[in-house]
Amino acid sequence: MKSILDHLGLTGVLSGAGAGTWLKTSGITIQSLSPINGKTIGQVRCADSSDYEQVVQKAVQAFREWRTVPAPRRGEIVRQIGQALREHKQELGALVSLEVGKILTEGQGEVQEMIDIADFAVGQARMLYGLTMHSERPGHRMYEQWHPLGPVGVISAFNFPVAVWAWNAMIALIAGDTVIWKPSSKAPLSAIAAAEIAFRVLRKNSLPDGILSLLIGGRDDIGETLLADKRLPLISATGSVAMGRRVAVKVAERLGRSLLELGGNNAVIVTAQADLGLAVRAIVFGAVGTAGQRCTTTRRVIAHKDIYPDLRTALIKAYQQITIGNPLKKGILMGPLIDRQAVENMQATLVQVQKQGGKILFGGQVLTGKGFASGTYVTPCICEVPHDLPMLREETFAPILYLISCTDLAEAISFQNDVPQGLSSAIFTRNLLESEAFLGHTGSDCGIANVNIGTSGAEIGGAFGGEKETGGGREAGSDAWRAYMRRQTNTINWSTELPLAQGIRFDIA
Ligand code: UN1
């Protein structure tokens, strides 16, 4: 950890505001605590409202210039950022693990996701395609083009402290936008390190300040101001449904656009015709990976009654083998939750689940003793619950897996869709008819629907996001770039007549 911050020249109390170069901030000083042992790993002086203003002004100013740089040239800058991330993958991945407690391979996987989206964006920079239309009028041509949108605000959560920024920022950069990033104040160091890696590339290319910027600060000082700021046409926010509701309302009040990627409540359907071995491996990674703190985490398993008992036994057996401890150590599969509050939330959920008629089959304890003094370690939990348990409708950001039995596929799909969220979903089956039913119009209502792979660990090439309370936004691959651009429809008359559309006559004598 020390090595990457030292390496990047980030030592002492770090600045929580940068725009290519770092500002001397004047907000409060916060500590970054590692959930691994509760110890301070760094200090950050947050941005206050005057720092905010300086940064946004730089982003507005830089946009005027950046939008005129040809898109493939913008892609070349993103290519260099991707390269710099490759060079720092090990250290940045380790810092992510240290700061948010995910295991080392997941920390590095997160940086790989940043590299992947950078690569994707480089190619996309030459493919910002618009359509052409045939005009109904003779001697006329119609087409649409995509213009840069403006400075974009990106709000990210603690659980993917750097990758979610990259999905947004790399695409926004090639789109010609500038980006103001407000990361989670639970993971400020990872954000500072990632930003500095990108800032170095911008500085090396003698680009002006403000193309990428970072603001670390509280909801009131920075967050709310960002949402209300008319200079930012788009706010892309990742986090809880409660946070998304505030963002949506506040941004809509000024008729800005928001792109929301909020909570999930992801289910895996296991039919009687599934490969159970495959299903168990996918469910365990989906439910226990990142200690159940991904928006794509598998929270519910809906299994056909004929295979339910076998699946339950196999899952419990697999859970008994999960190694819990310091996520930086080899062989550990599950690290701590982000903080004690998260542990308390998990415990409170389990109390409710049992009150409502659910049964704990495995785990759910808070670990104590050597190596667990921080109070942030738990055993992952499996609960057996009726399909209409009220708590099933809520996302608890913790490793709790609910098992539900069903009688047929139609029932499984209806159970799956009967929650307010709609991010990710999966079916395990070797039967084509079942998988197609799941993928059809009356199947899964989620933004992501997978067959024979789990709910988490999406590749960046697809559009990422979900329906209902998940917010409807799409980030990363496919045509998600369009959200970061301004569409313009152009009609060009190359004749010497002026025919009106719809056959309207308006002749001046
Ligand atoms: C998130 O938890 O906010 O699909 C993002 C996945 C990762 C991204 C998760 N690629 O699990």
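Values below: every heavy atom of this structure, side chains too, minus hydrogens, waters and symmetry copies. Counting convention: from 1, in listed order, for ligands and their atoms alike. From a predicted model like this one, the values you see are computed outputs, not experimental measurements. Nothing fancy with the numbering, it's 1 onward along the sequence.
Near Asn159, with a cut-off below 4.0 Å to any heavy atom, the atoms of ligand 1 are 1 (C), 2 (O), 3 (O). Near Gly457, the atoms of ligand 1 lying under 4.0 angstrom from a non-hydrogen atom of the residue are 4 (O), 6 (C), 11 (O). Within ligand 1, counting atoms from 1 as listed, the ones closer than 4.0 Å to a heavy atom of Trp167 are 5 (C), 8 (C).
With a heavy-atom cut-off of 4.0 Å, Ile460 does not touch ligand 1 at all. If you look at Phe397 next to ligand 1, there are no close heavy atoms at all, none under 4.0 Å. Contacts of Glu261 with ligand 1, taken as heavy-atom pairs under 4.0 Å, involve the side chain alone.
Considering backbone and side-chain atoms alike, Gln293 places every N or O at 3.5 Å or more from each N or O of ligand 1. Considering backbone and side-chain N/O of Thr238, none are found under 3.5 Å from N/O of ligand 1. When only interatomic distances are considered, the shortest N/O to N/O separation between Glu113 and ligand 1 falls below 3.5 Å. Checked by distance only, ligand 1 and Cys295 come closer than 3.5 Å through their nitrogen or oxygen atoms.
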Apply side chain to side chain donor-acceptor pair (under 3.5 Å) to residues Ser456 and Thr297 and explain how you reach the verdict.
CA-CA 6 Å; Ser456 69; Thr297 290; over 6 Å; no
Test side chain to side chain contact (heavy atoms under 4.5 Å, CB included) on Asn450 and Ile448; report intermediate values, then the result.
CA-CA 7 Å; Asn450 296 334; Ile448 297 170; 3.6 Å; yes
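Figure legend: cation-pi geometry between Lys182 and Tyr52 absent, as NZ or CZ is not positioned both under 6.0 Å from the six-membered ring centre and within 45° of its axis.
For the residue pair Asn37 and Ser374, no side-chain donor N or O sits within less than 3.5 Å of a side-chain acceptor on the partner. Checking Gln108 against Gln90 by side-chain atom types alone, a donor-acceptor pair falls below 3.5 Å.
Looking at Arg257, its side chain does come within 3.5 Å of a backbone N or O of Ala483 through a donor-acceptor pair.
For atom 7 (C) of ligand 1, the nearest non-hydrogen atom of the protein is Arg294 NH1, 3.7 Å. Ranking the protein heavy atoms by distance from atom 11 (O) of ligand 1 puts Thr296 OG1, 2.6 Å first. The shortest contact between atom 9 (C) of ligand 1 and any protein heavy atom is with Phe160 CE1, 3.5 Å. The protein heavy-atom contact nearest to atom 4 (O) of ligand 1 is Ala458 N, 2.7 Å.
A 6.0 Å sphere centred on CD of Gln83 holds more than 12 heavy atoms belonging to other residues, nucleotides or ligands.
A salt bridge does not link Lys186 to Glu99: none of the charged side-chain nitrogens sits closer than 4.0 Å to a carboxylate oxygen. Under 4.0 Å is where a charged nitrogen must lie from a carboxylate oxygen, and between Arg200 and Glu196 at least one such pair does. A salt bridge between Arg393 and Asp418 is present, with a side-chain N of the basic residue lying under 4.0 Å from a carboxylate O of the acidic one.
Using 4.0 Å as the threshold, Phe158 has no heavy atom nearer than that to any atom of ligand 1.
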